[in-house]
Amino acid sequence: MSIRSAAIRFPASRVLALSANQTRALSTQGHTAVQRLQEVMEDYRRTNFTREIPSRFKKEIVGAAKDENNKINIESMMLVVDNIGGSERVSRNDLERIFTEVGESGKIPADRMMQLL
């Protein structure tokens, strides 16, 4: 097996799709932080958005957090997490980890956050 044919394989749950041809693996801490965020969002969706499909709920969350440039900063995401009662399960450190690993200049584009949630 040559180096060219050898591929590094990551568990599907630990790979974040960035675009059609580009992926980035999350660290173990990043993966754990993303899981916590997803769990908080899913619990809130089940309780308060039972009639909405998950993609519609994600659009609502991202819409509440994004700025005029269609990007999400850590402060606005922390505010959303706090407003839905998830700040005891998702810490600022968790969000900082996510924004460090996934973000660009401290912000995450709205479409990437949709994929993440």
Side-chain angles (χ1 to χ4, degrees):
M1 179 189 293
S2 71
I3 293 176
R4 278 198 150 157
S5 64
I8 298 174
R9 304 227 187 267
F10 295 101
S13 64
R14 294 201 47 203
V15 175
L16 173 66
L18 299 177
S19 67
N21 60 357
Q22 184 182 27
T23 59
R24 181 187 308 166
L26 295 170
S27 69
T28 302
Q29 296 89 358
H31 178 68
T32 302
V34 168
Q35 279 184 319
R36 282 189 199 123
L37 180 61
Q38 288 172 339
E39 289 169 2
V40 164
M41 294 297 170
E42 183 59 21
D43 289 348
Y44 186 77
R45 186 191 70 79
R46 281 190 193 138
T47 303
N48 298 292
F49 284 75
T50 55
R51 295 179 184 237
E52 299 288 339
I53 58 175
S55 61
R56 182 69 199 146
F57 170 71
K58 290 177 186 180
K59 286 179 187 176
E60 292 284 333
I61 292 295
V62 169
K66 70 181 181 179
D67 63 14
E68 62 278 353
N69 296 321
N70 220 22
K71 299 203 179 213
I72 299 169
N73 63 39
I74 192 167
E75 288 79 19
S76 63
M77 195 65 205
M78 193 69 220
L79 183 61
V80 169
V81 169
D82 190 42
N83 285 344
I84 66 172
S87 56
E88 69 279 350
R89 291 172 53 198
V90 177
S91 69
R92 181 166 183 91
N93 288 340
D94 289 333
L95 288 179
E96 286 174 356
R97 171 70 64 179
I98 293 168
F99 276 77
T100 299
E101 293 189 22
V102 180
E104 302 165 356
S105 302
K107 295 186 176 192
I108 297 177
D111 59 336
R112 283 199 201 151
M113 185 58 81
M114 288 284 293
Q115 293 171 348
L116 203 62
L117 296 178

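Counting all heavy atoms, side chain and backbone alike, Ile108 lies closest to Gly103 at CG1-CA, 3.7 Å. When all heavy atoms are compared, the tightest approach of Ser76 to Ala65 is OG-O, 2.8 Å.
Between the side chain of Asp94 and the backbone N or O of Ser91 there is at least one donor-acceptor pair closer than 3.5 Å. With hydrogens and angles disregarded, no donor-acceptor distance shorter than 3.5 Å links the side chain of Ser87 to the backbone of Asp82. Judged purely by atom type and a 3.5 angstrom limit, Asp67 uses its side chain to pair as donor or acceptor with the backbone of Asn69.
Between Lys59 and Met114 there is a side-chain heavy-atom pair separated by less than 4.5 Å. Residues Lys66 and Met113 form no side-chain contact, since every pair of their non-hydrogen atoms from C-beta on lies 4.5 Å or further apart. Inter-residue side-chain proximity for Ile98 and Met77 is flagged as unmet; no heavy-atom pair is nearer than 4.5 Å.
Note that NZ of Lys58 and CZ of Phe49 are 14.0 Å apart. Values are rounded to the nearest 0.5 Å. Between the OG1 atom in Thr47 and the CD atom in Glu42 there is a gap of 9.5 Å [rounded to 0.5 Å]. Rounding to the nearest 0.5 Å places CD1 of Ile72 at 9.5 Å from CG of Leu116. To the nearest 0.5 Å, atoms CD1 (Ile84) and CG (Asn48) are separated by 8.5 Å. If you take CG on Leu117 and CD on Gln38, they are separated by 7.0 Å, rounding to the nearest 0.5 Å. Separating the CG atom in Leu37 from the OG1 atom in Thr32 is a distance of 12.5 Å, to the nearest 0.5 Å.
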Might you work through the side-chain contact (heavy atoms from CB on, under 4.5 Å) test for Glu101 and Val34, ending with a clear yes or no?
CA-CA 11 Å; Glu101 293 189 22; Val34 168; over 6 Å; no
Can you check side-chain contact (heavy atoms from CB on, under 4.5 Å) on Arg89 and Asp43, steps first, answer last?
CA-CA 11 Å; Arg89 291 172 53 198; Asp43 289 348; 2.8 Å; yes
Could you walk me through whether Glu104 and Arg112 pass the side-chain contact (heavy atoms from CB on, under 4.5 Å) test, one step at a time?
CA-CA 11 Å; Glu104 302 165 356; Arg112 283 199 201 151; 2.6 Å; yes
What verdict does the side-chain contact (heavy atoms from CB on, under 4.5 Å) test give for Val90 and Met78, after you've listed the backbone C-alpha separation in whole Å, the side-chain angles of each residue and the deciding distance to 0.1 Å?
CA-CA 9 Å; Val90 177; Met78 193 69 220; 5.9 Å; no
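Taking 4.0 Å as the cut-off between side-chain N and carboxylate O, Arg92 and Glu75 count as a salt-bridged pair. Salt-bridge annotation for Glu39 and Arg36: absent, with no side-chain N of the basic residue lying under 4.0 Å from a carboxylate O of the acidic one.
Hydrophobic cluster membership differs between Leu79 and Phe99, with clusters built from Ile, Leu, Val, Met, Phe, Trp and Tyr side chains linked at under 4.5 angstrom.
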